[in-house]
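The chains referred to below are lettered A, B, ... by the order of the sequence lines, with proteins before strands, and numbering in each begins at 1.
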Amino acid sequence: MMQILTEQERIRRQSLVELRNLGIEPYPAAEFKTNRTTTELKDKFKEGEEVTIAGRLMTRRIMGKASFGEVMDSKGRFQCYFNRDVLCEGEDKDLYNKVFKKLLDIGDFIGVTGTTFITQTGEQSIEVKELTVLSKSLKPLPIVKTDEEGNLHDAFNDPELRYRMRYVDLVVNEDVRDTFITRTKVIQSMRSFFNDHNYLEVDTPVLQPIPGGAAARPFITHHNALDIPLYLRIANELYLKRLIVGGFDGVYEFSRNFRNEGMDRTHNPEFTVMEIYVAYKDYNWMMDFTERMLEKVCRDVHEGSVVDFGGKQIDFKAPFQRVTMTDSIKEHTGIDITGKSEEELRAACKEIGIEVDESMGKGKLIDEIFGEKCEHHYIQPTFITDYPTEMSPLCKRHRDNPDLTERFELMVNGNELANAYSELNDPIDQRERFEEQVRLMERGDDEAMFIDQDFLRALEYGMPPTSGMGIGVDRLIMLLTGNESIQEVLLFPQMKPEVFGKQGPELTENEQLVFDILSKAKSMDLNALKEKTGLSNKQWDKSMKGLGKQGLTKVTKTDEGLTVSVVE
RNA sequence: GAUCUCUUAGCUCAGCUGGUAGAGCAAUACACUUUUAAUGUAUGGGUCCUGGGUUCGAGCCCCAGAGGGAUCACCA
């Protein structure tokens, strides 16, 4: 299909041809050796040095025989001064007059070599002696300008365009680049914390025959050679525990998980969770470990332990507050859930205005109360501990109370950030809990878990006491970069597919109809033609405009009236 | 999935009661040898998201659809 070009795109393609005519290859193959980045230049600036940098030409201010432009590399921008007689020493001034002034555009990659100096207005600059075209850009970038007060003008800020064309977003919006640099730093900081403890980073299957370890709707795919369904993982928990059975002291994985559920500003179909399992530990140890890790990560990417999130100051300084779920519910609703039956809990829910249905068991009811009435109160990092057994089928029973489990969730800014257990390692109890999940599933709870027989077999071989923790990496990054939407911390968030090339140069049905009738006669009275087509006023009008625009027909006015003819 | 809302030039946005489509930046041409949101003058650039309808006439009103955003439900 023919690509329809805008005026600016046509001009850039024309410049491309003219560059080649001047013997300049706009897409050269050779390595271009630089000896500085823009930040190195700024930080260790010395006048009179010979330097070479490369990047995109981002601004140009042309003043006759001299120009200023900014070159942007991966680190930042640096000003370059292009003087006609410095750039072109001899009689041939084409490199400045034609190549720089006419044939280069904002967005083109260039390499420059020159001498550093400071301008009259005190700006660090390079006086360019050599200019190399490295790659011509055929589409105009959005031009974002910053004024003296630091205000952005014409910011490229439409979320749809930014997410669909992240490459443009990254070029044009510096803060977006910073967000993703921070993202990588956070992950590196976590990784080094675990490695310092000698825990092993592992890879476990993404394609799983049973989607286990969490309660969620999976994506299903199919393996052709095996002719079996496979699921994209919703969690990696059961695989990591198998590795603890296998004898490792500590294993962790940054796990890309996939859940076939709704999408909004906190949910993407694929997201990253870091899960870690450590042998011979319990959930109390894991709380200490988690808060130390988070404080360290926060300090690695910020000045201190405090982050500003939408005006709220969140302090990751350890230790964090610890509250049992029972106490939390008592505090925020006045209800004491201790020893309450399912019926009593259901009644209590109705009393405080929480919707319930018959599929909900005890655990789910308590979870509803907490989610509805308590969760949003915890802005500062807080460990909520000791969850009901029924909603924690993989977690060890509490050492003091068999109705509860040794589990904590870390709440930050009113949302769950991490989830951890003293892992259940009693294979007989684990089997019973899975069976309970099956009963819940039969009652209509579509989040209940499947039974993983191989996992049970692994437990039967014996797993040491173990504590495990999972932390939502994307959500942590959101907190640490001040972004309220998950799309802002994912390079390529999931979106509905874009429709390309929906309009070609072909004629619409109505245009074709008009054109066919007209082609036979070559020329016709306008009103006669209109009548013959039988089109409504609007359809007629639209078709004629369309044909005229494509230069296929012409309307001429004579004394007798309007005549339409085919353009030969 | 529900509700509200948005979609106009490459980008950011105006557009009156329904009457020939606008600005700034970007682009093109000219001027200008230290500018910095460079400046001045001139010029070009549009499927007003798509498809129907109402109307003499629709960017604007009505219906249907697409895509985005926000809120909600579900979830992490």
Side-chain angles (χ1 to χ4, degrees), chain A residues 4-12 14-15 59-70 77 79-86 96 101-102 105-107 117-123 125 127 138-164 168 172 214-217 234-235 257 259-273 355 371 409 415-419 446-447 470-476 478 484-487 495-499 502-503 508-510 536-539 541-542 545-546 549-550:
Chain A
I4 297 167
L5 299 176
T6 65
E7 182 192 35
Q8 293 195 42
E9 289 172 312
R10 284 196 302 272
I11 289 165
R12 284 177 181 230
Q14 186 55 42
S15 299
T59 63
R60 269 193 317 173
R61 296 181 284 277
I62 297 175
M63 294 153 298
K65 294 171 194 158
S67 305
F68 286 92
E70 280 177 319
R77 296 179 180 206
Q79 177 169 282
C80 296
Y81 173 62
F82 301 86
N83 181 300
R84 187 189 67 185
D85 298 319
V86 174
Y96 181 77
K101 277 172 73 174
K102 305 284 182 196
D105 290 289
I106 287 174
F117 77 108
I118 292 193
T119 64
Q120 285 179 6
T121 50
E123 183 82 7
S125 304
E127 186 178 53
L138 296 182
K139 277 188 178 291
L141 286 169
I143 307 292
V144 181
K145 291 192 172 178
T146 313
D147 66 19
E148 287 163 352
E149 285 106 52
N151 301 314
L152 284 182
H153 296 264
D154 304 324
F156 181 62
N157 56 11
D158 180 336
E160 175 171 10
L161 292 175
R162 287 183 45 234
Y163 301 155
R164 286 197 194 280
V168 174
V172 147
R217 293 215 304 274
I234 54 173
N257 294 347
R259 298 192 184 174
N260 204 342
E261 284 159 355
M263 292 165 58
D264 58 36
R265 71 180 208 292
T266 55
H267 296 86
N268 195 65
E270 52 184 298
F271 61 103
T272 305
V273 172
E355 278 184 46
E409 283 194 2
N415 288 308
E416 179 195 338
L417 181 63
N419 183 18
D446 58 0
E447 294 171 9
I471 183 165
V473 172
D474 306 306
R475 295 216 171 147
L476 177 62
M478 286 162 68
E484 308 217 20
S485 141
I486 196 170
Q487 283 82 11
M495 303 200 84
K496 285 207 185 181
E498 191 174 355
V499 180
K502 62 185 165 190
Q503 73 271 349
T508 67
E509 217 170 288
N510 288 336
S536 73
N537 283 342
K538 183 158 195 154
Q539 288 168 330
D541 188 58
K542 203 154 194 142
K545 278 180 183 163
K549 196 158 207 165
Q550 293 180 47

Q: Within the structure, does a side-chain N or O atom of A:Lys102 lie under 4.0 Å from either OP1 or OP2 of B:C30?
A: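 Yes.
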Q: Hey, does the side chain of A:Arg61 come within less than 4.0 Å of B:U35's phosphate (OP1/OP2), counting only N and O?
A: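 So the side chain of A:Arg61 is outside the cut-off, no N or O lying under 4.0 Å from OP1 or OP2 of B:U35.
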Q: Which value, rounded to the nearest 0.5 Å, describes the distance between A:Lys65 atom NZ and A:Tyr96 atom OH?
A: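 It is 10.0 Å, given to the nearest 0.5 Å.
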Q: Any side-chain heavy atom of A:Arg84 sitting closer than 4.5 Å to one from A:Ser67?
A: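 When only atoms from C-beta onward are counted, A:Ser67 and A:Arg84 do not touch, as no gap falls below 4.5 Å.
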Q: Across all strands, who's sitting opposite B:U50 as a Watson-Crick or G-U wobble pair, both distances under 3.5 Å?
A: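 Across any shown strand, B:U50 pairs with B:A64.
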Q: Tell me what A:Asn260 touches on the nucleic acid: a base, only sugar-phosphate, or nothing, going by heavy atoms under 4.0 Å.
A: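 Nothing, no nucleic acid heavy atom in range.
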Q: Would you measure the distance from the C1' atom in B:G44 across to the matching atom in B:A26 and give it in whole Å?
A: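 Comparing C1' positions in B:G44 and B:A26 gives a spacing of 13 Å.
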Q: Would you say that A:Arg60 contacts A:Phe82 through its side chain, given a criterion of any heavy-atom pair below 4.5 Å between the two side chains?
A: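 Side chain of A:Arg60 against side chain of A:Phe82, heavy atoms only: no contact under 4.5 Å found.
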Q: Rounded to whole angstroms, how far apart are CD1 on A:Ile62 and P on B:C30?
A: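 One finds 11 Å between P of B:C30 and CD1 of A:Ile62, rounded.
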Q: Quick check: do A:Met478 and A:Ile486 have side-chain heavy atoms less than 4.5 Å from each other?
A: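 Yes. Closest side-chain heavy atoms under 4.5 Å.
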Q: CG of A:Asp154 versus P of B:A9: gap in Å, rounded?
A: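 Spelled out: CG on A:Asp154 to P on B:A9 is 14 Å.
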Q: Taking the side chain of A:Phe68 as heavy atoms from C-beta outward, which of B:G10, B:U34, B:A27 is closest to it?
A: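 So the side chain of A:Phe68 is nearest to B:U34.
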Q: What's the gap between B:A37 and B:G1 when it is taken at their P atoms, as a whole Å value?
A: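 It works out to 49 Å between them.
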Q: How many Å lie between CE on A:Met263 and C1' on B:A76, as a whole number?
A: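 After rounding, the gap between these two atoms is 14 Å.
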Q: Should B:G10 form a Watson-Crick or G-U wobble pair with both distances under 3.5 Å, which nucleotide is its partner?
A: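 Matched B:G10 with B:C25 under the 3.5 Å cut-off.
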Q: Going by purine N1 to pyrimidine N3 plus the second Watson-Crick contact, or the G-U wobble pair, all under 3.5 Å, which nucleotide sits opposite B:G59?
A: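 Here B:G59 is not engaged in any pair, so there is no nucleotide opposite it.
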Q: Across the strands shown, which category fits A:Phe117 at heavy-atom distances under 4.0 angstrom: base, sugar-phosphate, nothing?
A: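 Result for A:Phe117 = base.
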Q: Mind checking whether A:Pro269 and A:Met263 have side chains closer than 4.5 Å, heavy atoms only?
A: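 A:Pro269 reaches A:Met263 side chain to side chain.
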Q: Nearest nucleotide by nearest heavy atom, which residue falls closer to the 5' end of RNA chain B, A:Thr59 or A:Asn157?
A: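 Comparing both residues, the 5'-ward one is A:Asn157.
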Q: Work out how far the C1' atom of B:U41 is from that of B:C32, and round it to whole angstrom.
A: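 Those two atoms are separated by 12 Å.
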Q: Taking atom P in both B:C25 and B:A64, what distance in whole Å separates the two?
A: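 One P to the other, the span is 42 Å.
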Q: Kindly indicate whether the side chain of A:Asp105, heavy atoms from C-beta on, has any atom under 4.5 Å from the side chain of A:Gln8.
A: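 They are not in contact (no side-chain heavy atoms under 4.5 Å apart), so the answer is no.
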Q: Where do N or O atoms of nucleotides 65-71 of chain B meet protein N or O atoms at under 3.5 Å, pair by pair?
A:
unit_1: B:G67; atom_1: OP1; unit_2: A:Lys496; atom_2: NZ; d: 3.2
unit_1: B:G67; atom_1: OP2; unit_2: A:Lys496; atom_2: NZ; d: 3.1
unit_1: B:G67; atom_1: O3'; unit_2: A:Arg164; atom_2: NH2; d: 3.1
unit_1: B:G67; atom_1: O2'; unit_2: A:Glu160; atom_2: OE1; d: 3.2
unit_1: B:G67; atom_1: O2'; unit_2: A:Glu160; atom_2: OE2; d: 2.4
unit_1: B:G68; atom_1: OP1; unit_2: A:Lys496; atom_2: N; d: 3.2
unit_1: B:G68; atom_1: O4'; unit_2: A:Glu160; atom_2: OE1; d: 3.1
unit_1: B:U71; atom_1: OP2; unit_2: A:Arg265; atom_2: NH1; d: 3.1

Q: CZ of A:Arg60 versus C1' of B:A26: gap in Å, rounded?
A: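 Value for this atom pair: 11 Å.
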Q: Report the nucleotide, chosen from B:U33, B:C11, B:U36, that has the shortest atom-to-atom distance to any side-chain atom of A:Lys65.
A: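 It is B:U33.
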Q: Quick one: CG on A:Asn268 to CG on A:Asp474, what's the gap to the nearest 0.5 Å?
A: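 That separation rounds to 7.5 Å.
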Q: Take atom CD of A:Gln8 and atom C1' of B:U43, then tell me their distance rounded to the nearest Å.
A: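 It is 14 Å, rounded to the nearest whole Å.
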Q: Determine the contact category for A:Gln79: base if any of its heavy atoms lies under 4.0 Å from a base atom, sugar-phosphate if only primed atoms, P, OP1 or OP2 are that close, otherwise nothing.
A: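 Contact class for A:Gln79: base.
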Q: Could you tell me whether A:Leu141 contacts a base, only the sugar-phosphate backbone, or nothing, with contacts defined as non-hydrogen atoms closer than 4.0 Å?
A: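 It contacts nothing in the nucleic acid.
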Q: Can you tell me how far CD1 of A:Ile234 sits from CD of A:Glu261, rounded to the nearest 0.5 angstrom?
A: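 If I round to the nearest 0.5 Å, the distance is 8.5 Å.
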Q: Using purine N1 to pyrimidine N3 plus N6-O4 or O6-N4 for Watson-Crick, or N1-O2 and O6-N3 for G-U wobble, each under 3.5 Å, what pairs with B:U17?
A: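 Its partner is none (no Watson-Crick or G-U wobble pair with both distances under 3.5 Å).
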Q: To the nearest Å, how far apart are A:Glu9 CD and B:A9 P?
A: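 Nearest whole value for this atom pair: 14 Å.
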Q: Please state the P separation for the pair B:G40 and B:A21 - nearest whole angstrom.
A: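 Taking atom P in both B:G40 and B:A21, they lie 29 Å apart.
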Q: B:U36 and B:C49: how far apart are their C1' atoms, nearest whole angstrom?
A: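 My reading of the C1' atoms in B:U36 and B:C49 gives 38 Å.
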Q: Return the pairing partner of B:U71 with a 3.5 Å limit on both distances, Watson-Crick or G-U wobble; otherwise return none.
A: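 With both distances under 3.5 Å, B:U71 matches B:A2.
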Q: For atom P, what is the distance between B:G67 and B:U54, given to the nearest Å?
A: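 To the nearest whole Å, 28 Å.
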Q: Can you tell which of B:U35, B:C11, B:C25 lies closest to the side chain of A:Lys145?
A: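 Looking only at heavy atoms from C-beta outward on A:Lys145, the closest nucleotide is B:C25.
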Q: Counting only side-chain heavy atoms from C-beta out, which of B:U33, B:A76, B:U35 sits nearest to A:Asp85?
A: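 The answer is B:U33.
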Q: With a non-hydrogen cut-off below 4.0 angstrom, is A:Glu7 in contact with a base, only sugar-phosphate, or nothing?
A: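 Here A:Glu7 touches the bases of the nucleic acid.
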Q: How many angstroms lie between atom CZ of A:Arg77 and atom CD of A:Glu70, to the nearest 0.5 angstrom?
A: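 It is 5.5 Å, given to the nearest 0.5 Å.
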Q: Of A:Ile486 and A:Glu70, whose closest RNA chain B nucleotide lies nearer the 5' terminus?
A: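 Result: A:Glu70.
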Q: What's A:Phe271 touching, base or sugar-phosphate or nothing? Going by heavy atoms closer than 4.0 Å.
A: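 Since a base atom lies under 4.0 Å of A:Phe271, the category is base.
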Q: The side chain of A:Phe156 lies closest to which of these nucleotides: B:U36, B:U12, B:C32?
A: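 Of all the options, the side chain of A:Phe156 is nearest to B:U12.
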Q: Got A:Val168 and A:Phe156 here, is their nearest side-chain heavy-atom distance under 4.5 Å?
A: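 In short, these two side chains touch, coming nearer than 4.5 Å.
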Q: Answer yes or no: is there a side-chain heavy-atom contact under 4.5 Å between A:Tyr81 and A:Val86?
A: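 A:Tyr81 does not reach A:Val86 side chain to side chain.
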Q: Over how many whole Å does the gap from A:Asn257 atom CG to B:A76 atom P extend?
A: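 About 11 Å, once rounded to whole Å.
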Q: From B:C30, B:A76, B:U35, pick the nucleotide closest to the side chain of A:Thr119?
A: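 Comparing B:C30, B:A76, B:U35 against the side chain of A:Thr119, the answer is B:U35.
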Q: On a whole-Å scale, what distance lies between the P atoms belonging to B:G65 and B:C72?
A: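 One P to the other, the span is 25 Å.
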Q: Write down the partner of B:U36 under the Watson-Crick or G-U wobble criteria, each distance required to be under 3.5 Å.
A: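 Base partner found: none.
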Q: Rounding to an integer number of Å, can you tell me how far A:Met478 CE sits from B:A76 C1'?
A: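 From A:Met478 CE to B:A76 C1': 11 Å.
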